Amino acid sequence: MGKCMIIGCGGVASVAIHKCCQNSEVFEGIMIASRTKSKCDALKEKLQPVTKTVIETAQVNADNVDELIELINSYKPDVVLNLALPYQDLTIMDACLATKTHYVDTANYEPLDTAKFEYKWQWAYREKFEKAGITALLGSGFDPGVTGVFSAYAMKHQFDEINYIDILDCNGGDHGYPFATNFNPEINIREVSAKGSYIENGKWVETEPMEIKRVYNFKGVGEKDMYLLHHEELESLALNIKGIKRIRFFMTFGQSYLTHLKCLENVGMTSIEPIMYEGREIVPLQFLKAVLPDPATLGARTVGKTNIGCIFRGKKDGKDKNYYLYNICDHQECYKEVGSQAVSYTTGVPAMIGAMMIMTGTWNKAGVYNIEEFDPDPFMDALNKWGLPWEEDFNPVLVD
Ligand code: NDP
């Protein structure tokens, strides 16, 4: 069918690459291009003997638009799948524009020096992508990603209007370390140490970090503490889903994680302000990343399950209705299949599916779009087929 260039070769990319290689009919060729080429070569060595997908590798600095343009022009992919870091979104979008290549990512742009994610920078590219006749699919991971597809599916099939959405992200996995993050530590800690926020009646309501706590009994996992966080899909879902009055995002954290985080925060280790150390500027959070376990190595030791989904409350045929859509994913099963834990798996699978939707022309409109702006049905089918089956509950316990 076509060729995909995957930028980045970390935890999420590794899963997406395994999945592309399982799906050779669509992904005839992939190029893995990242900062550290040896990681790309190691994956190629593992996967090329067992896949029909033709794998190429390259070194690229994705902060450099010219380098990206040159590489895209030499490989001529149908789609670029950005699985590097949010800081690279705009340079990669610029290179896609210059080469008229479709673009897919899993996280919205964040400037390096302000831990604030919002879509305004990427939405500003709408007209340019439209004029160039290419698609940018934003947020094709799990959250954002599957949570948006779930919302579009609920809207299409279950509701006339959705008034309340609670997104619940539960990781019941245990890796045995006192403290480690399940995906890129820098991005993860920036996210959880920021102020919380949710949208109510069209306005953002801000909370202190971890101020709002609830307890929820997750199917497949059990009872967990969860905390309200700011999350990027709130911004787009509040615009794209009809009738929204309130939308919130909760993530589970264990007490040990929070105690370590507090301590690291109190001593200044989570700061993104550069400091001078032995004559050289360092960013404390980047240094912390260097001493923490690499999330890519957690797979073998993580046991338990994740349960991520959305509880919807709204109206159908004039009556109140509640509906919960979720996926349960087992860390060890993911590890057996692709050598990664479930947090990378639940992001990497939808990333592959998003690229597939664009490559096959199943989703085909020029411009910059969030995932809930496309027909959810083919994506929902693909989730069942490619390892993230979803479950429905028509009488869920609600979050107060
Ligand atoms: P990792 O840190 O494991 O991987 C990032 C990769 O990008 C690394 O291979 C890194 O190279 C490469 N990279 C970083 N900077 C550059 C650069 N300038 N040029 C080229 N390559 C670069 O991160 P994850 O795999 O955990 O996360 C990947 C993305 O997925 C992030 O944007 C994250 O926010 C997003 N994500 C989204 C989720 C969702 O549900 N939507 C959930 C989890 C993550 P090197 O190997 O040299 O370090």
Side-chain angles (χ1 to χ4, degrees), residues 5-18 31-43 57-68 71 80-92 95 104-110 112 115 117 122 137-150 167 169 171 180-192 229 231-234 236 249 251 285-286 289-290 292-299 306 308-310 327 329 338 340-354 370-371 388:
M5 178 185 288
I6 295 158
I7 300 185
C9 193
V12 174
S14 169
V15 175
I17 291 161
H18 277 81
M31 171 175 273
I32 316 170
S34 190
R35 182 167 56 190
T36 312
K37 184 166 176 282
S38 55
K39 289 191 193 169
C40 313
D41 291 335
L43 259 187
T57 62
Q59 201 277 330
V60 75
N61 172 10
D63 293 318
N64 184 320
V65 181
D66 292 336
E67 241 183 69
L68 286 165
L71 192 64
V80 170
L81 176 55
N82 168 15
L83 299 177
L85 297 179
Y87 319 126
Q88 278 86 46
D89 287 5
L90 299 188
T91 46
I92 299 176
V104 178
D105 69 24
T106 65
N108 69 6
Y109 175 70
E110 241 182 281
L112 200 50
F117 28 58
Q122 291 180 282
L137 167 59
L138 306 185
S140 188
F142 206 107
D143 41 350
V146 176
T147 50
V149 175
F150 281 176
I167 301 172
D169 180 331
N171 180 5
T181 63
N182 294 296
F183 68 98
N184 185 289
E186 193 187 329
I187 306 294
N188 183 230
I189 291 173
R190 279 165 74 118
E191 179 175 282
V192 301
L229 296 186
H231 225 245
E232 62 201 58
E233 67 264 51
L234 305 188
S236 70
F249 181 97
M251 191 178 271
L285 181 57
Q286 286 172 3
K289 171 181 188 274
L292 285 174
D294 179 352
T297 63
L298 296 178
T306 60
I308 321 175
C310 309
N327 161 263
C329 192
V338 299
S340 301
Q341 33 82 357
V343 175
S344 303
Y345 191 91
T346 51
T347 313
V349 171
M352 179 282 285
I353 297 173
N370 292 89
I371 201 161
L388 294 177

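Counting starts at 1 for both ligands and their atoms, in listed order. Predicted model, so just to flag it, every value in this text is computed and none were measured.
Taking the six-membered ring where the residue is Trp, His231 and Phe249 present parallel rings, their angle staying beneath 30° rather than reaching 60°.
Note that CE of Met31 and CG of Leu81 are 14.5 Å apart. Values are rounded to the nearest 0.5 Å.
Side chains of Asn188 and Asn182: a donor-acceptor N/O pair is absent below 3.5 angstrom, by distance only.
Within the 3.5 Å criterion, the main-chain N or O of Pro350 finds a donor-acceptor partner in the side chain of Ser140. Ser14 places no side-chain N or O within donor-acceptor distance of the main-chain N or O of Gly11, the cut-off being under 3.5 Å.
Near ligand 1, residues Gly8, Cys9, Gly10, Gly11, Val12, Ser34, Arg35, Thr36, Lys39, Val60, Asn61, Ala62, Asp63, Leu83, Ala84, Leu85, Pro86, Gln88, Thr106, Ala107, Gly141, Phe142, Asp143, Pro144, Phe183, Asn184, Ile187, Thr347 each place a heavy atom inside the 4.0 Å sphere around the ligand atoms.
Between Leu68 and Val60, the shortest heavy-atom contact is CD2-CG2, 3.9 Å.
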